Amino acid sequence: MQPTKKDWNNLDQYLDIFNSITEKFITDLDSEKAGKLETHLEQRPLSENGIELEQCVDELKDNIIPQLSAARGSRFWAFVTGGATPIATLADWLVTTFDQNVHKDGDSVATKVERQAIRWMCELFDLPNSFDGIMTTGGTGCNFLGATCARQFAGNKQGIDVAKEGVYNLDIEIFSTSPHSSMIKSLGMSGLGQKQFTLVNAIKGTEMMDVAHLELLMGESDAKAKVVIASAGTVTATDFDDLSAITTICKTEGAWLHVDGAFGLFERLVNGTEGYTKDIELADSITVDCHKWLNVPYDCGVFLTRHSYLLEESFDVPARYLANETGIADFMSLGVENSRRFRALPVWLTLLAYGKSGVRQWVENDINITKLLADWIDKSNDFELLYPCKLNVILFRPNCNELSDEEADAKTIRLMNNINQDGRLFISPGHWQGQEVIRVALSNWQTDESDIQVAIDVLSSLKE
Ligand SMILES: Cc1ncc(COP(=O)(O)O)c(C=O)c1O
C-alpha cells in the first residue's frame, strides 16, 4: 500500500487499531510472562509492494506482540527498569502525533519545554540553578557527554581545543573505582580509551571508592589534567561514592568530577541533600536517567553540567542553513544528535502532573517494598542475602552452604533460569565478589506488596 493524505480521513480506523492493541497489551501485562525467553521472527525478503493495513495489524498481533516482554509491568525486575506511568505514556503517544524536531529555536515551543523540563529536573533533586544541560537517549548518552566535557575541559587546560584538534596531544589521567559499563564505553567513544583509566581501590567488600587511595593516586599523578568519575548508585551493589570527600580532593587538584547518578540520584527525593548524594551539587557534571526511576518511556536521560559552554565547544559545528540569531545555544549544538525527538514532553508532563511528591511517593514505595523482599530473603534458610539492601536492589542467591564456588555458581544460575522460565518475574544476573548472584531492581511506579508476595511464592516454589 501507499500512504495518501486521504489516510487521515480514516484517522478513526487507526485510532481504533491503536485503542484495541493498547488496551489489550496493558490489561494482559499482569498475566503475560514478564520476559519472553525464546522468540522467533521469520526471515523473509523485503516485499516490493508492501501489504494492506489489516494484514499489517494481523502480523503485529500474530508475530510480534505475543513475543514482547512485560517490561513496563510491575514484576520486570531486571537491569534497572521503570515502566511508563499513564501520563508519561500519554505524553509519549503525543510525541509521535506532534513529531517535533527539537534541534533549534525558531519554529516551535518544544525547545522551551525541554529547557523547562531540565530546570524542573534540577528542582526535583534540589540542584542549584548553576546546572543546565540537555536531554539524551539515556544514561549512556549522558555518560558520553560527561566524557566529552571532561575531555574538552582537559584540553582547555593545555591550550588544546580537543573537539577541533583531537586527543593526540592530550595529557589526561582519569580515576574511577566502579564505573558503569556505559561509562567505559563512553571513554572509548570519546577517544580517551576504554582502558585508559586508573583504577582506584574499592573499600573492602563494597563498590565504593577508597577516597584515601584516590587522594594518594592523584597526588602522585603529574598529568596536566585530572578527571574523577564517581558513582551515585552502582548498578550491582547500589553503592554511593563519598562525594563530599571526593569534591574536596577534586577542588585541591583542579580536577573535573563526573557523577553517574543514573538511578541513584532519586535517593535524594527520600533522604534529601544530606543523604548518600550529599554535595553532588559540587560535581561538574551528572548523569540521570529518566527512563529508569522517573518512569517515562525509553529514550530519555538528562545530562546536567555547571559548564554547558563545554558542550557547545564540543558539539557546535556552524552550518549556514542552521544558523541561529538568538544568542542561546541550540540543543543541536549541545549534544550528539542534530535532529532530536521531543523526548522532553513525557518528562515535562510527568513533573507537571505528579509534582515532586508524586515522584517521591513511588520511589519511597519501591525502596520500602524492596526491603520487604530483602528481609524475607535474609530470614529464609533457603536463600542468602549477599549485601545489605539500601535502596531498590537486592543481591542474593540460593543457600550455597557447603558448596564449592563452582557448585554455588551453577546452583545460582539454575535458579535464575528457572525464575525467568516460570515467567512471573524477570530478573537479571550479576557478579558480586567473584561469584554469580541474582540481582533484582525494583523501579516501577506500580510495583506493590502483592508483587512481593508473588516473588515469595515463586522463590518458595523453585527452591531446591
Ligand atoms: C549507573 C548506571 N549508569 C548508566 C546506565 C546506562 O543507562 P542506559 O541503559 O539508559 O543507557 C545504567 C543502566 O543500567 C546505570 O545503572
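Counting starts at 1 for both ligands and their atoms, in listed order. Because only heavy atoms are used, hydrogens play no part in the values below, and waters and symmetry mates are left out as well, while side chains stay in. This one's a predicted model, so the numbers in the text were calculated from it and none came from an experiment.
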Novice: Please confirm whether Trp432 and Tyr387 have ring centers closer than 6.0 angstrom.
Specialist: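 For Trp432 and Tyr387, the ring centres are under 6.0 Å apart.
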Novice: Relative to ligand 1, is Thr140 under 4.0 angstrom through side chain, backbone, both or neither, heavy atoms considered?
Specialist: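 Both of them.
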Novice: Salt bridge or not for Arg340 and Glu114, using N-O below 4.0 Å?
Specialist: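 Looking at Arg340 and Glu114, the cut-off is met.
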Novice: Do NZ/NE/NH1/NH2 and the carboxylate oxygens of Lys379 and Asp375 come within less than 4.0 Å?
Specialist: no
Novice: Which ligand 1 atoms does Ser182 reach within 4.0 Å, using its non-hydrogen atoms?
Specialist: 4 (C), 5 (C), 6 (C)
Novice: Are any non-hydrogen side-chain atoms of Val95 and Pro346 less than 4.5 angstrom apart?
Specialist: yes
Novice: Report yes if some N/O of Phe263 lies less than 3.5 Å from some N/O of ligand 1; otherwise report no.
Specialist: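 No: no nitrogen or oxygen of Phe263 is under 3.5 Å from one in ligand 1.
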Novice: Is the gap between the ring centers of Phe266 and Phe125 under 6.0 Å?
Specialist: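 Ring-ring flag for Phe266/Phe125: true, centres closer than 6.0 Å.
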Novice: Set out, in order, the CA-CA distance, both residues' side-chain angles and the distance that settles side chain to side chain contact (heavy atoms under 4.5 Å, CB included) for Leu192 and Leu170, then state yes or no.
Specialist: CA-CA 9 Å; Leu192 295 169; Leu170 196 63; 4.0 Å; yes
Novice: Of all the non-hydrogen atoms in the protein, which one sits nearest to atom 14 (O) of ligand 1, and at what distance?
Specialist: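 It is Lys292 CE, 3.1 Å.
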Novice: For Asn143, which part has a heavy atom under 4.0 Å from ligand 1: side chain, backbone, both, or neither?
Specialist: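 The side chain, only.
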Novice: Could you check whether Glu274 pairs with Lys278 (Lys NZ or Arg NE/NH1/NH2 to Asp/Glu carboxylate O, under 4.0 Å)?
Specialist: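 The answer is yes: the pair qualifies as a salt bridge.
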Novice: Which one of Ala262, Gly139, Gly261 has a non-hydrogen atom at the shortest distance from atom 8 (P) of ligand 1?
Specialist: Gly139
Novice: Decide, yes or no, whether a salt bridge links Lys226 with Glu173 under the criterion of side-chain N to carboxylate O below 4.0 Å.
Specialist: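 Salt bridge: no.
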Novice: Between the side chains of Asn392 and Glu267, does any donor sit under 3.5 Å from an acceptor?
Specialist: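 Side chains of Asn392 and Glu267: no pair found under 3.5 Å.
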Novice: Looking at Gly233, which atoms of ligand 1 are within less than 4.0 Å of one of its heavy atoms?
Specialist: 1 (C)
Novice: Given His291, Met183, His180, identify the one with the heavy atom nearest to atom 12 (C) of ligand 1.
Specialist: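 Residue with the shortest heavy-atom distance to the ligand atom: His180.
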Novice: When you measure from atom 3 (N) of ligand 1 to every protein heavy atom, which one gives the shortest distance, and what is it?
Specialist: Asp260 OD2, 2.7 Å
Novice: Going by the atom numbers of ligand 1, which of them fall below 4.0 Å from some non-hydrogen atom of Gly138?
Specialist: 10 (O)
Novice: In this structure, does ligand 1 have an atom that sits under 4.0 Å from one of the heavy atoms of Gly301?
Specialist: no
Novice: Taking 4.0 angstrom as the limit and counting only heavy atoms of Asp289, give me the atoms of ligand 1 inside it, by number and element.
Specialist: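 What qualifies from ligand 1 is 7 (O), 8 (P), 10 (O).
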Novice: Nearest to atom 16 (O) of ligand 1, what protein heavy atom do you find, and at what distance?
Specialist: Val235 CG2, 3.4 Å
